[in-house]
Amino acid sequence: MKDFLFVFRANGIPDASPDEMQAMTKRWMDWIGGIAAQNKLGDRGNRLFPSGKVVKPGNIITDGPYSDIKESIGGYSIVKANSLEEAAELAKGCPGLTTGGSVEVREILAM
Amino acid sequence: MKQTELIPHLFRTEYRKIVSVLYKLFGIEHIEIAEDIVSDTFLSASELWGLKGLPENPTAWLYTVAKNKTKDYLKHHSIFTQKISKEIKYAAPTFHEIEIDLSTKNINDSQLAMIFAVCNPCNPAEVQIGLALNLLCGFGAVEIANAFLTNKEVIYKRLQRGKEKLRSAKIKIEQPGLHEIDERLPAVLLTLYLLFNEGYYSSNQDVSLRKDLCLEAMRLTYLLIENDHTNKPAVNALFSLMCFHSSRFEARINEDGDNILYEDQDTNLWNKELVERGEYYLNLSSKGDELSKYHLEAAIAYWHTHKEDTGQKWENILQLYNQLLLIEYSPIAALNRTFALAKANGKMEAIAEAEKLNLTGNHLYYTLLGNLYTDVDNEKALQHYQKASTLTSSHADKTTIEKNMKRVRAMAAL
């Protein structure tokens, strides 16, 4: 089994009611729990705060990263799979996809 | 209590106390001497009490006799006295003055020291469990062999190997320091958890033996609760889990030692006092920010004390299993999680998830699929149950599967 990074991107910050947020949390937990139940979760990872800064050449620091990238990174997880295709298959059920987000799947090259 | 019941009772409660004090006194090199002295004390009790009647205070009698036998031993074994008693921590100028401290405090300290010594990860888990039963609970090789459904030679060798390892690793029987408690408590809890499970999930038909194993695990866990330094949230959570599980002991096994399925259990047989104790310790376990697998399993067991099938119950159980799997994968957690998923989110979603579990060697996997397909596709349900039956050699499992198949056939006929 190899490790793959899931990078979750959200399309803007969702404007959800507490009930909708709770329902979304459940769907995320059910999805990640399903991957764990297959013994394919490497690390549940973390969520990221929406605000951040981007440092560019010439010591230019901007608030970001929204100016450049339409979708902001909301979090990451690490899964275990035999191939990139299998890892991508696991990403299909991600609840973020239903609200316009995406999952980038990348094989981790251990240092 | 009649004398015939009193001695086995005292053996269960006092053996571990006296023997732990002596283990600590003699050290790991000489645990057999401690065992012999305490066994001999109980032998004297059964001989003398039968002839002369019960002493006024049987426990105090045992302590006094054990002390005297220890002193006699030291007196009559000059080689031991010369070579070994120098090393004894409490060695006095002459062996007559060696103090054998059977105060409550020293008993508790000694038992704690012994639990940490026995549950040392220098031995594999099955050896640790055997040693805990043998050294701390006074179980003989035959009893342990019966509990593990194996023969006594296997257990005898396992115990010898374990004791030898403790000696060669020079494991000290001493009060663990605070840092050591933090570091080693998880290994100790795991052994006690496995010991409990050995009794609770065993396919052994000997119900009273299974109960004994569970009780021993609970007694040892309670000892950790009684000690301020080891009274940690995870310990409370583990004890809570044991209380919830054992509350169903009477309801889940029939007279023949066969398991009764949860949905068929008579809730009147659930022990309410143990449920309440489970709730009490579950509350205590919520102190601090630690969330161990024992917390999650205790919380799941808590929800199972509500027999009624409500959406809230299964949603909670599902989320607890999700979290449990994030901490630690196990096939049984994966299967139970999928069952909860069916109850909370519906069978179709659960079937799709079950197909991905990749547990095709496990009869419980096919039992789950049989359950999920019941009412959805009864033909498939029967096929899965059939497959489950061929994968298990346990008579109890086959009986349970047969019961399930009967239900499906009855339903299909309607």
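Residue numbers begin at 1 in each chain, while the letters A, B, ... track the order of the sequences. Atom set for the values below is all heavy atoms of this structure, side chains included, hydrogens, waters and symmetry mates excluded.
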Residue, of A/D30, A/L41, A/D43, that accumulates the most heavy atom pairs under 4.5 Å with chain B: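 The candidate making the most pairs under 4.5 Å is A/D30.
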
If you count heavy-atom pairs within less than 4.5 Å of chain B, which of A/I35, A/I32, A/N39 leads?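 Heavy-atom pair counts peak at A/N39.
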
What distance do B/H245 atom NE2 and B/N197 atom CG have between them, rounded to the nearest 0.5 Å?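 Between B/H245 NE2 and B/N197 CG, I get 6.5 Å after rounding to 0.5 Å.
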
Please list all pairs passing the ring pair (Phe, Tyr, Trp, His ring centres under 6.0 Å) test where one or both residues lie in residues 310-342 of chain B, with sequence neighbours left out.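 Residue pairs passing ring pair (Phe, Tyr, Trp, His ring centres under 6.0 Å), neighbours aside: B/H304-B/W314, B/W314-B/F339.
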
Identify which part of B/E315 has an atom lying under 4.5 Å from any heavy atom of chain A, answering side chain, backbone, both or neither.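 For B/E315, the side chain is the part near chain A, not the backbone.
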
Counting N and O atoms only, with roles assigned by atom type, does the side chain of B/N345 sit under 3.5 Å from a partner on the main chain of B/A342, one being a donor and the other an acceptor?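 Side chain of B/N345 to backbone of B/A342: no pair is present.
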
Tell me if the CD atom of A/Q22 is crowded by more than 12 foreign heavy atoms within 6.0 Å.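 Check fails, neighbour count at 12 or below.
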
Pick one of side chain, backbone, both or neither for A/K26, based on which atoms fall under 4.5 Å of a heavy atom in chain B.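 Both backbone and side chain.
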
Picking from B/L335, B/T338, B/L318, B/N358, which has the most non-hydrogen pairs under 4.5 angstrom with chain A?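 Looking at each of B/L335, B/T338, B/L318, B/N358 in turn, B/L318 comes out on top.
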
Flag the one option from B/K356, B/Q323, B/E349 with the top tally of heavy-atom pairs under 4.5 Å to chain A.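 Option with the greatest count: B/K356.
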
Please work out which of the three classes, parallel, tilted or perpendicular, describes the rings of B/Y200 and B/F249, given edges at 30° and 60°.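 It falls in the perpendicular class, over 60°.
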
